[in-house]
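Below you'll find the structure, written out as structure tokens, and then a few comments.
Just so you know, residue 1 is the first one in the sequence shown, and it goes up from there.
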Amino acid sequence: MKQTEMSVYLKAVTLGVGALLMAFVFWFLPLVLKAPLTEAAGQGGYRGTCMLVGISAVPAVMCLIRFWGICESIRKDRSFSMENALRLKRMSQYMLADTILYTGFLAWFFLAGWYVAAAWLIFPVLLAIFISVALTVLCAVLSHLVQKAEEIQEEQELTI
């Protein structure tokens, strides 16, 4: 598979993930959470949770935008570059922000006493925290590997 073909596939996946993310955040979750959260935490709790989910989508969209840039670098045959290492590092920071956001929500969840009426919400929030931590670590490690690969590539070009 050539870089241009791979780039096209990765961009298509990126657009698909972005569309599914928007549908999940702004249609599916508000629809599914409305009745149980309104009953457990009131209208304010429901709205606050929907706002949190919407706010947490911002770092995810920023990651997709950065990944689009990586796809462009792949198309130009510049996979191992400092720009991509910096993009991956920034993606790691965005996911860390999501981790902190959901951890704060979990703390609020317990402080507000929602765990009594909406204990079912603990698992999805813990899952979101786990996924955010995993993506934070994955992006940080990939950033480091891309940076090292770029250094090796640069040394190789100098020796030839």
Side-chain angles (χ1 to χ4, degrees), residues 6-7 9-74 79-150:
M6 188 182 338
S7 175
Y9 289 138
L10 287 171
K11 285 180 178 181
V13 168
T14 304
L15 289 174
V17 168
L20 287 174
L21 176 70
M22 292 299 111
F24 186 73
V25 167
F26 295 110
W27 173 72
F28 180 75
L29 278 179
L31 184 70
V32 169
L33 293 176
K34 185 166 179 105
L37 267 182
T38 303
E39 182 180 316
Q43 191 68 22
Y46 166 72
R47 286 186 181 150
T49 303
C50 286
M51 283 177 38
L52 169 87
V53 170
I55 291 169
S56 73
V58 172
V61 169
M62 296 302 292
C63 282
L64 291 173
I65 291 169
R66 296 284 179 178
F67 188 72
W68 189 274
I70 292 172
C71 294
E72 268 302 301
S73 292
I74 290 171
S79 302
F80 302 117
S81 64
M82 283 306 283
E83 294 86 19
N84 282 347
L86 291 173
R87 286 179 181 126
L88 285 163
K89 182 179 179 182
R90 184 67 65 198
M91 289 168 66
S92 174
Q93 293 167 345
Y94 292 147
M95 293 317 301
L96 180 61
D98 250 4
T99 302
I100 292 168
L101 187 65
Y102 276 105
T103 303
F105 176 74
L106 189 63
W108 172 256
F109 181 80
F110 283 104
L111 289 174
W114 290 2
Y115 63 91
V116 175
W120 57 270
L121 195 57
I122 295 172
F123 178 74
V125 173
L126 286 174
L127 182 63
I129 291 170
F130 175 77
I131 290 170
S132 295
V133 167
L135 289 173
T136 299
V137 171
L138 179 69
C139 288
V141 167
L142 284 174
S143 172
H144 178 74
L145 291 175
V146 168
Q147 183 178 1
K148 290 296 179 186
E150 192 266 343

Quiz item: Is there side-chain contact between F67 and C71, with heavy atoms separated by less than 4.5 Å?
Solution: yes

Exercise. Check the pair L121 / L37 against side-chain contact (heavy atoms from CB on, under 4.5 Å), numbers first and verdict last.
Key: CA-CA 9 Å; L121 195 57; L37 267 182; 4.0 Å; yes

Practice problem: Quick one: do L135 and L138 satisfy side-chain contact (heavy atoms from CB on, under 4.5 Å)? Show the steps, please. | Solution: CA-CA 5 Å; L135 289 173; L138 179 69; 4.3 Å; yes

Quiz item: Do N84 side-chain atoms and S79 backbone N/O form a donor-acceptor pair below 3.5 Å?
Solution: yes

Self-check item: Test item: side-chain donor near acceptor, S143 and R90, under 3.5 Å
Solution: no

Quiz item: Side-chain donor-acceptor pair under 3.5 Å between Y102 and S56, yes or no?
Solution: yes

Quiz item: Can you check whether W68's main-chain N or O pairs, donor with acceptor, with T14's side chain at less than 3.5 Å?
Solution: no

Exercise. In sequence, state the C-alpha distance, the side-chain angles, and the governing distance for M95 and C63, and then conclude on side-chain contact (heavy atoms from CB on, under 4.5 Å).
Key: CA-CA 8 Å; M95 293 317 301; C63 282; 3.7 Å; yes

Exercise. Kindly say whether I74 contributes a backbone atom to a donor-acceptor pair with the side chain of S7 at under 3.5 angstrom?
Key: no

Quiz item: Taking T49 for the side chain and G45 for the main chain, is one N or O donor matched with an acceptor at less than 3.5 Å?
Solution: yes

Exercise. Kindly indicate whether the side chain of V53, heavy atoms from C-beta on, has any atom under 4.5 Å from the side chain of F24.
Key: no

Quiz item: Does the side-chain contact (heavy atoms from CB on, under 4.5 Å) test come out yes or no for C139 and L142, once each step is laid out?
Solution: CA-CA 5 Å; C139 288; L142 284 174; 5.7 Å; no

